[in-house]
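Input: a single structure, listed below in structure tokens.
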Number of protein chains: 2
Amino acid sequence: MTISLKQLSLLLGLSQTTVSRALNGYPEVSEATRKRVIEAAQRHAYMPNPRARSLATGRAMAIGHVLPLAGPSDMVNPIFADFLAGAGTVYTRRGYGVHLSFAEAGREAEHFRWLTRQRMVDAVVLHSPRAEDERARALADLDIVFGVHGLLGARREGYNYVEMDNRAAMELATCHLAGLGHRRIAFLNGPAGLNFAREREAGFLSVMEARSLVPNRLWMLNDEMSEDYGHRTAQRLCRGSPRPTAFLAGSILVAAGVHRAVLEAGLRVPRDVSIVTHDDMLSFLPNGDPPRLTATRSPVREAGQRLADILIDQVEDRTRPPRGVILAPELVLGASTGPAPAEAPA
Amino acid sequence: MTISLKQLSLLLGLSQTTVSRALNGYPEVSEATRKRVIEAAQRHAYMPNPRARSLATGRAMAIGHVLPLAGPSDMVNPIFADFLAGAGTVYTRRGYGVHLSFAEAGREAEHFRWLTRQRMVDAVVLHSPRAEDERARALADLDIVFGVHGLLGARREGYNYVEMDNRAAMELATCHLAGLGHRRIAFLNGPAGLNFAREREAGFLSVMEARSLVPNRLWMLNDEMSEDYGHRTAQRLCRGSPRPTAFLAGSILVAAGVHRAVLEAGLRVPRDVSIVTHDDMLSFLPNGDPPRLTATRSPVREAGQRLADILIDQVEDRTRPPRGVILAPELVLGASTGPAPAEAPA
DNA sequence: TGCATCAGCCAAGGCGTTTTGAAAAGCCTT
DNA sequence: AAGGCTTTTCAAAACGCCTTGGCTGATGCA
């Protein structure tokens, strides 16, 4: 079927040792032989058997991504998918595989222990981290290389991570709205416990404060980001008086719900109400041209690539210090934002 | 770190052979020793090293899922995610892993060859099959166990597959609409080349014909299922005269676009226009209670489980004939359908 | 010339399993 | 007591790779 190291060495009249060393770039082999070996390897399409290799080296040549088993969770989350697609290209290029596994919520620590005891993976990626994340603690205790897609609480050093600058994103968005004259802004944020939601709130508040605007605390909401959440909330707020002139939505789904509620209330976008969203899923809901929604965007796919490289670097040289990357978001102007409507006289 | 077979056998005063056989259920070992071995294995939390095992057996103990590398493709598709979540539970339960890899579009065949030559996987799952699928041919030629999430053209035997009954789904939906008196139904189907779209069209047409209704061919459309597609198309059709009284959407995203366009046109759902969609993503857009949209649903997660079991069964006994499963859809009544508005007098 | 050094290569052992072929032990028969 | 079975056990080889330690012949130095 496929040629083995032994066969190749027999073919070349060399020992397995020499062929192995030649291919793996060890110095103790003459350049002439190395060239001959490499050429023969290519000709016979030799590829080392990853299983045998990792049995011998003790290295897994795989990075683990662990997903919660039940419920409408990460796996169904397009962000995760896009992140993995980005990471996947790097893994493939550098000869690593993905080890995808599913763990019951709450038993992740045990799962990690199993993964590492079995040497299934060389490193692990943590998705959707919480501020106080017991999974991160478990990983640190296990002395395994790991990286986080997001931040662990306020900490920004001592571990590998890739994060979009959530604070900057909301600052951009809030600045944009404030610049258009909006003062009554509703902020439909993500779940309160999650880090990125805190960061976003900080960004929102800092701009409001800088502009001497007073945020309406009743309009700052936290929930799972669903279309339903956006719709339900916007419907309620649009009935109130005064109502918001602008909505800041945490995701495209939330924005879609808001948009629907606003239309149903007989209001026009952006004449009566402006909508800005954070868009982390890019291509998932194709925007037209010009884009329908004004949105802040982060390069999720690139985030995956960056973290993959960071992890593999550290796996291959355990002495490397941990690295963190903060990716800058951009604001894409769309057709959903415009000047705030004139204030009704008080 | 973790105990090996050798250490366990030493501990028991038995040979590796006997311990191995005892644990793997071979008959040529006395019940007394087997019991002793199993008990010791549990006590020391022994788990065989999967790499060593598959090196020895030649079996990979993994199922491959190959995704297109570039573009807004499967990976970003929540259907795929949900399917994998379902399959994942079965893989884990039966001791298999997932091998997720990314192949450039058009070079999948080569990728499969590599996967099998390297014995990376014992079986492969094909996603989003086309009627004439060169990937399926490549897999068949390679003599590897594989299964399809969907159908290969009209063929319904000779290979493993799990499919939702697309035809039945559209029959259900069309019957529902026709029963409410709708005659002017627009059908926003998926891409023309894909199988499921053909099946769905057949279902739609068969009911129309059975009820002696004449479908408007100009209202039967095919495209990638995006929110934009739904919006664009519904906007156009709502401007026409006569306009459709009902829309049959291929996915929730399409339905969302339709819904938006209908609202923007100043029409009401379901008073002026009814909407039925096929919902393959279940929990992704949480519906309220009662559900917002009337929808046909298919159990994607269950589909993943079924195919996983079929594949592993065949891997473990290659003589088993291929199996196909067609899962029945259900119609979930929501708030988006109602009686057809009275005809304007002609 | 003798001795140490070094580049280049190799034989063999190890990674943790499964599996083959054979030996040992037990039980019947005769 | 010996032979023939069957049951139970084992030592060793294999899977395909990496790596340790050692071997050869050439080179440098004194």
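In what follows, chains are A, B, ... by sequence order, proteins preceding strands, each numbered from 1. On a predicted model such as this, the values are computed, not experimentally measured, just so you know.
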If you find the nucleotide of DNA chain C closest to A:Val29 and the one closest to A:Leu55, which residue's nucleotide is nearer the 5' end?
-> A:Val29
Once you round it to whole Å, what is the distance between P of D:dC17 and CE of A:Met47?
-> 11 Å
Has B:Ser15 got a side-chain N or O lying under 4.0 Å from the OP1 or OP2 atom of D:dC10?
-> yes
Where the side chain of A:Leu14 is defined as all heavy atoms beyond and including C-beta, which of D:dC17, C:dG16, C:dC10 is the nearest nucleotide?
-> C:dC10
Salt bridge check: are A:Asp143 and A:Arg318 linked by an N-O gap of less than 4.0 Å?
-> yes
Using the ring of each side chain (for Trp, its six-membered ring), is B:His127 parallel, tilted or perpendicular to B:His149, with breaks at 30° and 60°?
-> perpendicular
Could you check how far CZ of B:Arg53 sits from P of C:dT19, rounded to whole Å?
-> 9 Å
What integer distance in Å separates A:Lys6:NZ from C:dA11:P?
-> 12 Å
Rounded to whole angstrom units, what separation is found between the CD atom of B:Gln16 and the C1' atom of D:dA12?
-> 10 Å
Let me know, please, whether A:Gln7 or A:Tyr26 comes out on the 5' side of the other along DNA chain D by nearest nucleotide.
-> A:Gln7
May I ask you to test the B:Gln305-B:Val162 pair for a side-chain heavy-atom distance under 4.5 Å?
-> no
Would you please confirm or rule out a distance under 4.0 Å between OP1 or OP2 of C:dG16 and any side-chain N or O of B:Ser4?
-> no
Contact nearer the 5' end of DNA chain C, comparing A:Val19 with B:Ala52 | A:Val19
Report the nucleotide, chosen from D:dT9, C:dT18, C:dG16, that has the shortest atom-to-atom distance to any side-chain atom of B:Asn24.
-> C:dT18
Between B:Arg119 and A:Asn49, does a side chain to side chain contact (heavy atoms under 4.5 Å, CB included) hold up when you go through it step by step?
-> CA-CA 8 Å; B:Arg119 293 254 162 69; A:Asn49 178 320; 5.7 Å; no
Rounded to whole angstroms, how far apart are CD on B:Glu28 and C1' on C:dA24?
-> 16 Å
Among C:dT19, D:dT8, D:dG16, which nucleotide sits nearest the side chain of B:Ser20?
-> C:dT19
Atom pair CD1 (A:Ile326) and OH (A:Tyr161), whose distance is rounded to the nearest 0.5 Å = 4.5 Å
Scan A:Thr17 against the nucleic acid and name what it touches under 4.0 Å (heavy atoms): base, sugar-phosphate only, or nothing.
-> base
Show me the protein contacts with nucleotides 25-27 of chain D, counting only N or O atoms at under 3.5 Å.
none

Is any side-chain N or O of A:Thr57 closer than 4.0 Å to OP1 or OP2 of D:dC17?
-> no
N/O donor-acceptor pair under 3.5 Å between B:Asp122 side chain and B:Met61 backbone = yes
Between B:Tyr159 and B:Leu152, is there a donor-acceptor pair closer than 3.5 Å when you use the side chain of the first and the backbone of the second?
-> yes
Applying salt bridge (Lys or Arg N to Asp or Glu O under 4.0 Å), which residue pairs with at least one partner in residues 42-54 of chain A are found, sequence neighbours left out?
-> A:Glu39-A:Arg43
Rounded off to whole Å, could you give me the CG-to-P distance for the B:Leu5 and D:dA14 pair?
-> 19 Å
From the options D:dT9, D:dT19, C:dT17, select the nucleotide whose nearest atom is closest to the side chain of A:Arg21.
-> D:dT19
Rounded to the nearest 0.5 Å, what separation is found between the OH atom of B:Tyr96 and the CD atom of B:Glu316?
-> 3.5 Å
Spacing between B:Leu23 atom CG and C:dT17 atom C1', to the nearest angstrom = 12 Å
Can you see which heavy atom on B:Gly147 is nearest to which on B:Leu311, and at what distance?
-> N-CD2, 3.5 Å
Inter-end axis angle, the helix from C:dT1-D:dA30 to C:dT30-D:dA1, with every axis fitted to five base pairs (rounded, 10 degrees) = 60°
For the atom pair CG (B:Leu12) and CG (B:Leu8), what is the distance rounded to the nearest 0.5 Å?
-> 5.0 Å
Find the distance B:Glu31:CD to D:dT6:P and express it as a whole number of Å.
-> 20 Å
Reckon A:Ser54 touches a base, only the sugar-phosphate, or nothing at all at heavy-atom distances under 4.0 Å?
-> nothing
Would you mind telling me which residue lines up with the more 5' stretch of DNA chain D, B:Pro27 or B:Ala56, judged by nearest nucleotide?
-> B:Pro27
